[in-house]
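Notes for the one structure printed next.
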Amino acid sequence: MPYWLMKSEPDELSIEALQHMERARWDGVRNYQARNYLRAMKPGDLFFFYHSSCPQPGIAGIGKILTASYPDPTALESDSHYFDINSTSANNRWSAVDVGFVDAFPAVIPLSHLKALPQLAELALVKKGSRLSVMPVSPVAWQSILTLA
DNA sequence: GCCAACGTTGGC
DNA sequence: GCCAACGTTGGC
């Protein structure tokens, strides 16, 4: 069972907000590499929920993938921030998945702690200049991050 | 708000 | 197919 990490700005969706929702649609991904990872996800996969662009960037908890990927409806909504003029219902370039809540950590694991873990050296999150918002996490990396939670 | 680093676009 | 210009990401 693959593990993942996905970034969200808590103003848009936080782990606390997800906790009170039946499910949420993870949409708005507009990067091909990240999209391809969405397409590789399977129901039941777990992911670390990362809070980005906020006062305390870091991993805030765990979520679960509930659906296989499907065409991202926001790409077709002309009033959406994520509207893509090059996508049509017949040929939507972008994908979304539905996610559910699993766990909220007592405290956010700060990015600085993640960077200090040698087991995470290959994780895109901690690589200089990387902006990837959806990425795979190896089982070893998953376990070592859990020890920080 | 700054800015380094990156991905995408489009002229040639 | 190259690459300059541009827009975006995201930590600080």
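All chains are named by letter (A, B, ...) in the order of the sequence lines, taking the proteins before the strands, and each is independently numbered beginning at 1.
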- Message: Using side-chain heavy atoms (C-beta onward) and a distance below 4.5 Å, is A:V97 in contact with A:L66?
- Response: no
- Identify, with sequence neighbours excluded, every residue that meets salt bridge (Lys or Arg N to Asp or Glu O under 4.0 Å) alongside A:D103. none
- Between A:Y3 and A:W142, how do the two ring planes meet: parallel, tilted or perpendicular, split at 30° and 60°? parallel
- Message: My understanding is that only one of A:K64, A:R25, A:R23 makes a side-chain hydrogen bond (donor to acceptor under 3.5 Å, both in side chains) with A:D98; could you say which?
- Response: A:R23
- Item | Sub-6.0 Å ring centroid separation between A:Y32 and A:W94 | yes
- Range on DNA chain C touched by chain A - first to last nucleotide, heavy-atom distance under 4.0 Å: C:dG7 to C:dC12
- Message: If I take atom CG from residue A:L125 and atom CG from residue A:L120, how far apart are they, to the nearest 0.5 angstrom?
- Response: 8.5 Å
- Query: So, for A:F47 and A:I65, which heavy atoms are closest and what is the spacing to 0.1 Å?
  - Reply: CD2-CD1, 3.7 Å
- Item | For DNA chain C, the residues among residues 105-120 of chain A that have a non-hydrogen atom under 4.0 Å from it | A:L111, A:K115
